Chemist: 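Dumping the structure here so I can ask a few things about it.
So that the names make sense, note that chain A is the first sequence line, chain B the second, and so on, each numbered from 1. Small disclaimer: the values here were computed from a predicted structure and weren't measured.
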Number of protein chains: 2
Amino acid sequence: MLPRYTQIKLALLDAIEDGTMGPGDQVPSENQLALQHQVSRMTARRAVTELVEEGILMRTQGLGTFVSDHRPMSSMLEIRSIRDEVIQRGHRYASSILHLDSVIANEALARWLDVGIGDVVFHSIIVHSENGQPIQYEERWVNPRWAPDYLQQDFSQQTANHYLNLVAPLTQADHSVEAMLPEAHIAQALQITAADPCLKISRRTYSARGVVSHAVLYHPGNRYRLGGHLNFQAKT
Amino acid sequence: MLPRYTQIKLALLDAIEDGTMGPGDQVPSENQLALQHQVSRMTARRAVTELVEEGILMRTQGLGTFVSDHRPMSSMLEIRSIRDEVIQRGHRYASSILHLDSVIANEALARWLDVGIGDVVFHSIIVHSENGQPIQYEERWVNPRWAPDYLQQDFSQQTANHYLNLVAPLTQADHSVEAMLPEAHIAQALQITAADPCLKISRRTYSARGVVSHAVLYHPGNRYRLGGHLNFQAKT
DNA sequence: ACATACTACTTGTATATACAAGTATGCACA
DNA sequence: TGTGCATACTTGTATATACAAGTAGTATGT
C-alpha cells in the first residue's frame, strides 16, 4: 500500500497527463485536495510539495499552486523517453516514422555498434513532436543481436527507447552534445531553416552484454533545452 | 528572521564544517535536535529532511541519520575547469579577461543569485582559448557573500571555477544547454561569425549554504563538444 | 547453543490545529 | 473618482500527538 501522499501525487500527475489540468492551470488548493482525498491538509501539502520540488508544479504564497509550463527541457543525466517527457509536461505528443529498414554496416558504423563490417544492422528515422511542433529528429542504428524484432515494432505506440529498454535494459551510455547547423533534409523534417542552430546529441547505449544502439538526435535550438541538476554528494 | 528549521539547518552545517561532525558520523536524532533547539520534532525533522534532499545527510529508518561522504563524484558530468581540460589534452591554454567588476543586481539577476534587488554582485567576462583559438566565452556573476575576494583574484593564474571551489565548495549545480546563434559581441570575442551556431550553457552553482554563482558559457559549435558517460548500475 | 521475544531506540506517516503572511477583490468613505 | 480598509481566500511556519515500521541489542526460554 502506497502512502497517502504518494497516491495524491499520482492522482495529480494523472490529471496533468490526461489533460484535466494543463500548464498554467491552477491546482486545487491544499484544503480542497485534503477534502477530496479525505486526508489532512498537511498530507495533501506534502504531495504538492514533492511535485513542486520535482518542478512539475509551482506555488506562490497567497495565490495558489499551478502546473508549471517550463520550456522543454530534459536531463542529461537520465535517459528518458521523449514521449514521457512531453506527456508529463501536459503537452500533446506525436511521432512520425520516416524510415524503418535495415542497412549494411560500413566501417564507421561497425565500429560504433561493435559489429563486423558488412553485417546487417537495423535503422530508423523518427520525428517526435510536441503540440504539433517537431522537437526531435531521431536517427538510430540498432544491433540486431540484442533486439531482433526491432523492425516489427510499432513505434507510433511505443518509442524506440522504450522498446530497447525492455529487451535490453540499459546499463551505460556515452554521449556528446554539440551545436550545429542542420543539413537540408533534417531542417525540413524539423520545420526549421538551415540557418537555425540545432542541438545534436550523439549517444551510444549499452546493455550488460554489449552495445545496443547508436542514436543521433537533433533538436531545434529554439524549442529545446537540455537540462540537469547535479548533486555532488555521494549517494552510496 | 529566518524560519526555525532554517536555523537548525545552518547549525547542522556549521557542525559539519567545523569538524564537530564528520562524514559517517551520526547526527543527533530528530527528538534530540528538537530538544536542543526547543522546537517540535516535526520542525527539527524538516531541517534534516532538506539536508537529506541536498545530499548532505543520509538517513535510514530505524537506524538514524548520518553525515554523507563528501567526495565529489560524477564521472558523468563533472564540472571541470576548462583550463585543466585543455591542458589534459596536451594543448596550450590561455585566457583573457574582458571584464572584472561589480554590478547592481536587477530583478532577474537577483533571482538567479538569490540576493536582493539592488545588491552588489561581482561580474566577470573571460575568454578561454585552446592553442590560440577561443573556445569559451565565460560570463559569470558571483554572490559576494560567499566569495568576497573575487575581484582581487588573478584569473590568468587560476580559473574562476577553481577559485570558487576553494572558497565555497560546490555541492550542487543546475544547468541547461541549448544551441543558439551568438550575439555580435560574443561572436567577435570568439572569432566566429554571427551565423555560426554556439552551445550555450547556463549554470548555477551552489555550496551548502546557498547560490554561489551564475555562469553563462558560450562555445563555438564547431570547436567544442560536451561529452559524458553515464553508468546506471548503482543508482535506482 | 540457539532461536525467540522483548525493549528501547530510530525514522516514516498521518492528523488536527493555530496563526503568520501574501494576494486579490469588493465595499465603504472621503 | 479614487484611496484605503476589510474580507476571504491562498500558501508558509510551527506545534503536539499518535501510531507504524525498521534496527540493534538484551533477555528469555527451549
Chemist: Tabulate atom names and distances for all N/O pairs under 3.5 angstrom spanning the protein and nucleotides 5-12 of chain D.
Modeler:
from   : atom 1 : to      : atom 2 : distance (Å)
D/dT10 : OP1    : A/Ser29 : OG     : 3.1
D/dT10 : OP1    : A/Gln32 : NE2    : 3.3
D/dT10 : O2     : A/Gly62 : N      : 3.3
D/dT11 : OP1    : A/Thr65 : OG1    : 3.1
D/dT11 : OP2    : A/Glu30 : N      : 3.1
D/dG12 : OP2    : A/Arg45 : NH1    : 3.0
D/dG12 : OP2    : A/Arg45 : NH2    : 3.0
D/dG12 : OP2    : A/Arg59 : NE     : 3.0
D/dG12 : OP2    : A/Arg59 : NH1    : 3.4
D/dG12 : N7     : A/Arg41 : NH2    : 2.8
D/dG12 : O6     : A/Arg41 : NH1    : 2.9

Chemist: To the nearest 0.5 Å, what is the distance between CZ on A/Arg59 and OG on A/Ser68?
Modeler: 12.5 Å
Chemist: In this structure, how many angstroms lie between the C1' atom of D/dA16 and the CE atom of A/Met42, rounded?
Modeler: 12 Å
Chemist: How long is the span from the CZ atom in B/Phe155 to the CD1 atom in B/Ile97, to the nearest 0.5 Å?
Modeler: 7.5 Å
Chemist: Round to the nearest Å and state the distance from A/Met58 atom CE to C/dG22 atom P.
Modeler: 18 Å
Chemist: So does B/Glu30 pair up with B/Arg46, basic N to acidic O under 4.0 Å?
Modeler: no
Chemist: Nearest 0.5 angstrom please: A/Met21 CE to A/Leu13 CG, how far?
Modeler: 8.5 Å
Chemist: Hey, is A/Glu130 close enough to A/Arg92 for a salt bridge, meaning N to O under 4.0 Å?
Modeler: no
Chemist: D/dT13 C1' sits how many Å from B/Ile8 CD1, rounded?
Modeler: 12 Å
Chemist: Round to the nearest Å and state the distance from A/Leu35 atom CG to C/dT15 atom C1'.
Modeler: 14 Å
Chemist: What's B/Val39 touching, base or sugar-phosphate or nothing? Going by heavy atoms closer than 4.0 Å.
Modeler: sugar-phosphate
Chemist: Any Lys/Arg nitrogen of B/Arg209 or B/Glu17 sitting under 4.0 Å from an Asp/Glu carboxylate oxygen of the other?
Modeler: yes
Chemist: Does C/dT15 have OP1 or OP2 under 4.0 Å away from a side-chain N or O of A/Thr43?
Modeler: yes
Chemist: Strictly below 4.0 Å: does B/Ser40 bring a side-chain N or O up to OP1 or OP2 of D/dA16?
Modeler: no
Chemist: Find out whether B/Val103 and B/Trp141 are in side-chain contact, i.e. whether some heavy atom of one side chain is under 4.5 Å from a heavy atom of the other.
Modeler: yes
Chemist: Kindly say whether A/Gly132 contributes a backbone atom to a donor-acceptor pair with the side chain of A/Ser129 at under 3.5 angstrom?
Modeler: no
Chemist: NZ of A/Lys9 versus C1' of C/dT13: gap in Å, rounded?
Modeler: 14 Å
Chemist: For DNA chain D, write out the stems as range with range, using runs of 3 or more consecutive Watson-Crick or G-U pairs with both distances under 3.5 Å.
Modeler: C:1-30 with D:1-30
Chemist: Over 60° means perpendicular and under 30° means parallel, so tell me whether B/Tyr137 and B/His185 are parallel, tilted or perpendicular.
Modeler: perpendicular
